[in-house]
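Counting starts at 1 for both ligands and their atoms, following the listed order.
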Amino acid sequence: MFNCNSYIATGLTLAALLVATAASAEGDTANPLKGIIEADVDNAAAIKLRSGSGDPVAGREKSQLCQGCHGEYGISMEGLIPKLAGQYANYIEKEIRNYQAGIRSHQIMNAMAATIANDQDLADIAAYFARQNKMEGDGPGNPTGEEIFLHGDLSKMRLGCVNCHGVRGKGLESKISMFPVIGGQQKDYIRRQLTNFRDGYRTNSPNGIMNRITSSLTDSEIESLAEYISAQ
Ligand code: HEC
Ligand code: HEC
């Protein structure tokens, strides 16, 4: 039989490595995993950190087109359009670059990403959405989804989502920007992305980590997760 424990160990090592890389890039090499799983923080210091180097005032102007779908303050009104409010600027920039390069495919967003002319505009737009109050959910939650989110399922070689996406999916420490905020995100969007990762339609996560995490999820587990995550 495939060695389950070594797979889990590999997954955890990868998580540690991803986080260590992110942390040391910011000059913090001392025990990168210590204290990174933090609760929902939305104070001025955290907002500054997650907004990156762009100018949010210029970004507000430059993101008029984007606001038409993603909402004036990054809260979309449509289930398949993601909220961007309080998302890490670095993550927004990475996704836009992936859409521009065709590494992430979506007809509308490939076209929208192509309208962003240069790095400065991208940084400004990302900063504008990042500095909004973090997206919030108002759903009923889901105990099965919460269980998978917190503990994963070692028998299926799956890590708990909390290890990378933080408590209630609100992200890790603000300086660690590669793991997107997912708590409070649109339920339909979460379901679609998890399905896309599982079925191989989305392959742009670092080292294919999300493809591996989702490979053993059933439709009903995805539904429970989407309900739990979107409610946070
Ligand atoms: C016509 C509607 C529409 C417009 C306008 C639009 N988007 Fe999107 N956006 C979407 C949809 C739908 C998705 C989900 C695509 C997918 O499933 O990959 C998306 C996804 C994204 C994502 C990925 C979010 C994530 O959590 O991974 C980012 C970032 C983004 N859009 C930024 C922008 C920016 C910046 C602009 C303006 C230049 C913009 N969008 C304009 C509809 C739109
Ligand atoms: C080892 C770290 C890790 C674990 C564990 C993990 N994720 Fe992720 N996840 C990521 C990374 C990194 C990305 C960003 C992918 C990219 O760069 O496009 C991501 C992206 C996502 C996205 C897409 C977000 C968006 O805005 O498009 C969803 C949804 C998601 N993860 C849900 C989950 C769920 C549910 C679990 C648990 C079953 C989980 N993740 C476990 C690292 C992880």
Side-chain angles (χ1 to χ4, degrees), residues 8 10-19 22 59 62-71 74 76 78-85 87-100 103-117 121-122 124-126 128-130 135 145-153 156 158-166 169 171-172 176-183 185-198 201-217 221-222 224-226 228-230:
I8 292 291
T10 310
L12 284 169
T13 309
L14 180 58
L17 262 178
L18 289 173
V19 169
K62 293 176 182 176
S63 63
Q64 296 288 329
L65 172 65
C66 323
Q67 292 172 32
C69 285
H70 291 283
S76 57
E78 228 271 30
L80 285 173
I81 303 180
K83 298 177 187 175
L84 300 176
Q87 186 57 272
Y88 297 102
N90 276 345
Y91 173 76
I92 293 177
E93 291 179 36
K94 175 197 176 269
E95 296 310 300
I96 292 295
R97 292 207 169 89
N98 286 176
Y99 284 124
Q100 286 171 336
I103 295 168
R104 183 171 173 186
S105 301
H106 185 274
Q107 212 175 3
I108 296 172
M109 272 313 299
N110 293 130
M112 291 303 147
T115 68
I116 302 178
D121 287 358
L122 180 52
D124 294 349
I125 292 171
Y128 171 70
F129 287 117
M135 55 186 89
E146 181 171 22
E147 173 64 24
I148 304 171
F149 190 89
L150 292 178
H151 305 297
D153 185 341
K156 290 186 181 140
R158 194 192 299 146
L159 289 174
C161 322
V162 68
N163 291 296
C164 295
H165 292 286
L172 300 178
I176 300 176
S177 54
M178 72 188 313
F179 306 116
V181 174
I182 54 176
Q185 184 54 275
Q186 297 284 2
K187 179 178 167 184
D188 292 348
Y189 175 78
I190 297 277
R191 187 200 297 112
R192 170 69 60 87
Q193 298 309 310
L194 291 176
T195 311
N196 282 352
F197 280 126
R198 183 191 63 187
Y201 295 118
R202 179 172 169 186
T203 53
N204 69 328
S205 65
N207 298 315
I209 185 70
M210 279 306 301
N211 301 106
R212 280 192 270 165
I213 298 279
T214 51
S215 63
S216 65
L217 287 174
E221 287 173 325
I222 286 182
S224 302
L225 277 167
Y228 168 74
I229 293 167
S230 62

Would you say the side-chain atoms of [X] pair up with the backbone N or O of [Y], donor to acceptor, closer than 3.5 Å?
X	Y	answer
Arg192	Leu80	no
His70	Ile81	no
Gln87	Val181	yes
Ser63	Gln67	no

To the closest 0.5 Å, what do you measure between [atom1] ([X]) and [atom2] ([Y])?
X	Y	atom1	atom2	result
Ile176	Asn90	CD1	CG	12.0 Å
Ile116	Ile125	CD1	CD1	4.0 Å
Leu194	Ile182	CG	CD1	7.5 Å

For [X], is the nearest heavy atom under 4.0 Å from an atom of ligand 2?
X	answer
Asn163	no
Pro82	no
Ile148	no
Thr214	no

Subject >> atom 8 (Fe) of ligand 2 reached by Ser205 (N, O or S, under 2.8 Å) >> reply: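 So Ser205 does not count as coordinating atom 8 (Fe) of ligand 2.
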
**OP:** Verify the distance test for Cys161 against atom 8 (Fe) of ligand 2: any N/O/S atom under 2.8 Å, yes or no.
**Re:**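 No, Cys161 does not qualify, because none of its backbone or side-chain N, O or S atoms lies under 2.8 Å.
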
**OP:** For the pair Glu95 and Arg202, find out whether any cationic side-chain nitrogen is under 4.0 Å from an anionic carboxylate oxygen.
**Re:**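 Yes, this pair counts.
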
Original post:
Any salt bridge between Arg198 and Glu221, counting N to O under 4.0 Å?
Top reply: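 Result for this pair is no, no salt bridge flagged.
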
Original post:
Any idea which protein heavy atom is nearest atom 19 (C) of ligand 1, and the distance to it?
Top reply: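 The closest one turns out to be Met109 CG, 3.1 Å.
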
Looking at [X], which atoms of ligand 1 are within less than 4.0 Å of one of its heavy atoms?
X	value
Cys69	1 (C), 2 (C), 3 (C), 4 (C), 5 (C), 43 (C)
Ile125	35 (C)
Leu65	5 (C)

Could you check which of [options] puts a non-hydrogen atom nearest to [atom]?
atom	options	result
atom 8 (Fe) of ligand 1	Met112, His70, Arg192	His70
atom 6 (C) of ligand 2	Met210, Arg158, Gln186	Met210
atom 39 (C) of ligand 2	Arg212, His165, Arg104	His165

Any nitrogen or oxygen of [X], side chain or backbone, less than 3.5 Å from one on ligand 1?
X	answer
His106	no
Gln193	yes
Gln185	no
Gln87	no

Please could you name the atoms of ligand 2 that [X] approaches to less than 4.0 Å, counting only its heavy atoms?
X	value
Asn204	16 (C), 17 (O), 18 (O)
Lys94	16 (C), 17 (O), 18 (O)
Met178	12 (C), 14 (C)
Ile209	1 (C)
Gly160	5 (C)

Subject >> Donor-acceptor side-chain pairing of Asn98 and Lys94 below 3.5 angstrom >> reply: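 A donor-acceptor contact under 3.5 Å links the two side chains.
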
Original post:
Does ligand 1 have a heavy atom under 4.0 Å from the side chain of Tyr91, from its backbone, from both, or from neither?
Top reply: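 Side chain only.
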
Original post:
Is it the side chain, the backbone, both or neither of Ile96 that has a heavy atom closer than 4.0 Å to ligand 1?
Top reply: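 For Ile96, only side-chain atoms sit under 4.0 Å from ligand 1.
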
**OP:** Give a yes/no on ligand 1: does Lys83 have at least one heavy atom closer than 4.0 angstrom to it?
**Re:**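 Heavy atoms of Lys83 never come under 4.0 Å of ligand 1.
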
Original post:
Is the closest heavy-atom distance from Tyr189 to ligand 1 below 4.0 Å?
Top reply: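 Tyr189 counts as a contact of ligand 1 under the 4.0 Å cut-off.
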
Original post:
Once the angle between the rings of His106 and Tyr99 is folded into 0 to 90°, is it parallel (under 30°), tilted (30 to 60°) or perpendicular (over 60°)?
Top reply: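 If you compare the ring of His106 with that of Tyr99, the planes turn out perpendicular.
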
